[in-house]
Visitor: 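I'd like to ask some things about the structure below.
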Amino acid sequence: MINCELGMSKPFDIELERLIGQPSYSGAVGVVDVARRGTFFLETFGCQMNDHDSEKVAGLLLSRGYQQVESPEAASLILYNTCSIREKAAQKVFSRLGEYRTKQGDGQVIGVLGCVAQQEGEDIFKRAPWVSLVCGSASYGKLPEMLAQLEAGNHRVTGLDTDTDETFETEVARRDNPWRAYLTIIEGCDKACSYCVVPYTRGPERSRPSDSILREARQLAELGYSEVQLLGQTVNSYRDPTLRKMRFSELLLAVSAVQGIRRVRFTTSHPSDFTPDIVSAIESESKICDHVHLPVQSGSTKVLRMMQRTYSRDEYVEKIAMMRGAKRPIGITTDIIVGFPGETESDFEETLSLLEEVRYDSLFSFKYSPRPNTPSLAMDDAIPEEEKSRRLAVLQEKQREIQSARNAELIGQAFEVLVSGKSRRENQWSGYTTSHRMINFASQDSALLGTYVQVRVTDAGPNNLAGTQEV
Ligand code: SAM
Ligand code: SF4
């Protein structure tokens with residue numbers, strides 16, 4: 001499942017760690033102590049885009065001879081890849097930095113990457129003078145240069161441009177999941193939702209050339225990845241900058257055609273750019289996963305207008321009808337914000353009625369969080385925190401009922417599952433269906449990780465499915 005802060009639900013004790021290529025040691029970090037020299041610790045906050053950026057940053061560091069360590073204490077370079085989508089996420093980073101206030105004296109170098117870096121810029125040096133590197137995601141292309149400056153002993157290195165047309169491509173990404181690989185196809189965002197920091201922190205939309213995407217997909221397949229997830233803040237707004245001018249749906253089909261790729265996912269889709277050819281591609285090619293994450297944010301057209309979401313409730317519902325009419329059932333999930341300025345009780349009720357109308361498979365819900373630089377900051381009629389909390393609880397309860405009913409309908413059905421987790425409990429495994437439902441299941445087999453099996457659902461709750469492997 002998609003999302004900021006929450007990240008993917010991580011099943012059981014997933015077996016991680018497979019490095020792509022062996023790092024060769026190429027030199028020391030100028031200012032650090034000898035015992036920790038050339039080691040880095042990287043903590044990631046936020047969404048899948050951040051997770052994947054961290055994989056690329058780790059790949060870059062490994063290729064320069066650094067070694068990754070599991071604790072900040074053991075590292076010469078401590079990096080935080082940050083999220084500022086909601087205030088709480090941004091605060092978390094400053095409290096983390098506070099914990100490492102004294103470390104510079106120990107010869108450790110501390111860097112802040114990602115959205116908080118972009119948003120706060122050089123002010124981070126004022127709030128946390130022990131930080132040496134501040135780099136927003138739009139400047140990751142310059143990271144090798146910045147690392148060289150750090151290695152030369154420079155204490156104040158910044159990368160804060162957003163006007164770059166580069167996408168962040170690296171030779172090697174150190175991927176966290178041995179079976180599913182993220183693949184960025186578009187960076188930044190050109191939509192201007194009035195509550196959202198992403199256009200400010202990640203810069204304008206930049207699509208990656210289709211030939212480079214397909215090259216990476218082939219490399220991934222050769223390395224043994226069977227599932228790829230195409231990533232972008234508005235993944236379906238993809239516009240191929242090459243002469244081939246591939247549409248997003250054509251790209252989905254082309255990635256599916258890569259030998260060795262068995263599943264293609266994509267996230268996050270924007271409703272305004274969600275066109276019938278995407279549904280046709282899902283219908284015609286079973287490797288394209290039957291799951292669409294289509295954030296609606298609100299069920300009230302009035303609130304959608306205030307959010308500058310570029311579609312009305314009716315237009316959104318038409319997109320849902322298009323998917324429900326597909327020859328192959330498609331799992332649909334969404335994001336919702338409650339308590340946007342000016343959201344009345346009847347606006348909120350429209351969101352509840354949308355939940356009943358669409359019957360989402362699952363959703364992420366958030367209380368509106370006012371963010372710096374965003375137009376909604378200046379809007380009147382702020383909703384009190386207690387009222388936001390009440391609405392969130394009501395919404396989540398409604399969705400819980402819907403999920404209970406929807407999941408119960410799956411009992412007795414069999415699904416293909418990519419096994420990605422093994423429980424400490426004997427013979428218990430977990431994995432995801434093509435429609436991105438996680439199933440915990442029993443099997444007598446002993447080596448299932450990374451394999452595809454058929455699982456029949458035997459039990460269901462609002463947030464879980466359980467089953468047994470079909471033999
Ligand atoms: N690009 C995606 C889209 O258009 O839906 C979503 C990107 S955003 C990183 C993920 C989710 O965070 C959004 O869908 C929205 O529900 C939520 N979000 C973004 N800004 C927010 C804010 N200021 N307060 C509360 N939730 C917010
Ligand atoms: Fe933010 Fe809207 Fe862009 Fe999504 S589409 S990243 S919510 S501005």
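For this chain, numbers begin at 1 and follow the sequence in order. We count ligands from 1, going down the list as the structure has it; atoms in each ligand are counted the same way. Bear in mind the structure is a predicted one, so any value in this text is a computation, not a measurement.
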Visitor: Closest by any non-hydrogen atom to atom 5 (S) of ligand 2: pick that one out of Q233, K191, M307.
Guide: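 Comparing heavy atoms across Q233, K191, M307, the nearest one to atom 5 (S) of ligand 2 lies in K191.
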
Visitor: I'd like to know if the side chain of E285 pairs up with that of S256 as donor and acceptor (distance under 3.5 Å, no hydrogens or angles considered).
Guide: no

Visitor: Minimum heavy-atom separation for F40 to A75, with atom names?
Guide: C-CB, 3.8 Å

Visitor: Any heavy-atom pair between the side chains of E120 and F94 that's under 4.5 Å?
Guide: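 The answer is yes, as the side chains (C-beta and beyond) meet within the 4.5 Å cut-off.
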
Visitor: Of the backbone and side-chain N, O or S atoms of C193, does one lie nearer to atom 3 (Fe) of ligand 2 than 2.8 Å?
Guide: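 Given the 2.8 Å cut-off, C193 does not count as a ligand of atom 3 (Fe) of ligand 2.
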
Visitor: Side chains of T433 and R437: is there a donor and an acceptor less than 3.5 Å apart?
Guide: no

Visitor: Quick check on contacts: which atoms of ligand 1 are under 4.0 angstrom from a heavy atom of R86?
Guide: 12 (O), 17 (C), 18 (N), 24 (N), 25 (C), 26 (N), 27 (C)

Visitor: How far is atom 7 (S) of ligand 2 from its nearest protein heavy atom, and which residue and atom name does that atom have?
Guide: Y195 OH, 3.4 Å

Visitor: Under 4.0 Å from a heavy atom of P199: which atoms of ligand 2 are those, numbered in the order shown and with their elements?
Guide: 8 (S)

Visitor: Taking 4.0 angstrom as the limit, do E416 and R263 come out as a salt bridge?
Guide: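 The answer is yes: the pair qualifies as a salt bridge.
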
Visitor: Can a donor-acceptor pair be found between the side chains of T275 and D277 at a distance below 3.5 Å?
Guide: yes

Visitor: Is ligand 2 less than 4.0 angstrom away from at least one heavy atom of R309?
Guide: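 R309: in contact with ligand 2 (<4.0 Å).
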
Visitor: Provide the number and element of each atom of ligand 2 under 4.0 Å from a heavy atom of C189.
Guide: 3 (Fe), 5 (S), 6 (S), 8 (S)

Visitor: Parallel, tilted or perpendicular: which one describes the rings of F45 and Y80, with boundaries at 30° and 60°?
Guide: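 F45 and Y80: tilted rings.
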
Visitor: Is any side-chain heavy atom of H293 closer than 4.5 Å to one of S269?
Guide: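 A side-chain contact is absent here, since even the closest heavy-atom pair is not under 4.5 Å.
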
Visitor: Heavy-atom contacts with H270 under 4.0 Å: which atoms of ligand 2 show up? List them by number with element.
Guide: 5 (S)

Visitor: State the atoms of ligand 2, each with its element, that fall below the 4.0 Å cut-off from a heavy-atom position in T234.
Guide: 5 (S)

Visitor: Which atoms from ligand 1 have a heavy atom of K367 less than 4.0 Å away?
Guide: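 Close to K367: 24 (N), 25 (C).
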
Visitor: Under 4.0 Å from any heavy atom of Q233, which atoms of ligand 1 are there?
Guide: 1 (N), 2 (C), 7 (C), 9 (C)

Visitor: Would you mind listing which atoms of ligand 1 come within a distance below 4.0 Å of any non-hydrogen atom of T268?
Guide: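 Answer, ordered by atom number: 2 (C).
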
Visitor: What atoms of ligand 1 come within less than 4.0 Å of a heavy atom belonging to R309?
Guide: 3 (C), 4 (O), 5 (O)

Visitor: At what distance is the nearest protein heavy atom to atom 1 (Fe) of ligand 2, and which residue and atom is it?
Guide: C196 SG, 2.3 Å

Visitor: Consider every N or O of Y195 and every N or O of ligand 1, then say whether any pair is closer than 3.5 Å.
Guide: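 The answer is yes, given that Y195 and ligand 1 share an N or O pair closer than 3.5 Å.
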
Visitor: Quick one, Q229 and L231 - any side-chain contact, counting heavy atoms below 4.5 Å?
Guide: yes

Visitor: Using a strict cut-off of 4.0 Å, indicate which atoms of ligand 1 neighbour a heavy atom of R371.
Guide: 23 (N)

Visitor: Does the side chain of Y360 come within less than 4.5 Å of I402's, by heavy atoms?
Guide: no

Visitor: With respect to D335, determine whether any N or O atom, backbone or side chain, lies less than 3.5 Å from an N or O atom of ligand 1.
Guide: yes

Visitor: Between I85 and ligand 1, which part of the residue brings a heavy atom under 4.0 Å of the ligand: side chain, backbone, both or neither?
Guide: both

Visitor: Hey, is D211 close enough to R244 for a salt bridge, meaning N to O under 4.0 Å?
Guide: no

Visitor: Using the side chain to side chain contact (heavy atoms under 4.5 Å, CB included) rule, pick out the option among L294, V279, I332 that qualifies with K319.
Guide: L294

Visitor: Please identify which atoms of ligand 1 are closer than 4.0 Å to at least one heavy atom of Q297.
Guide: 5 (O), 13 (C), 14 (O), 15 (C), 16 (O)

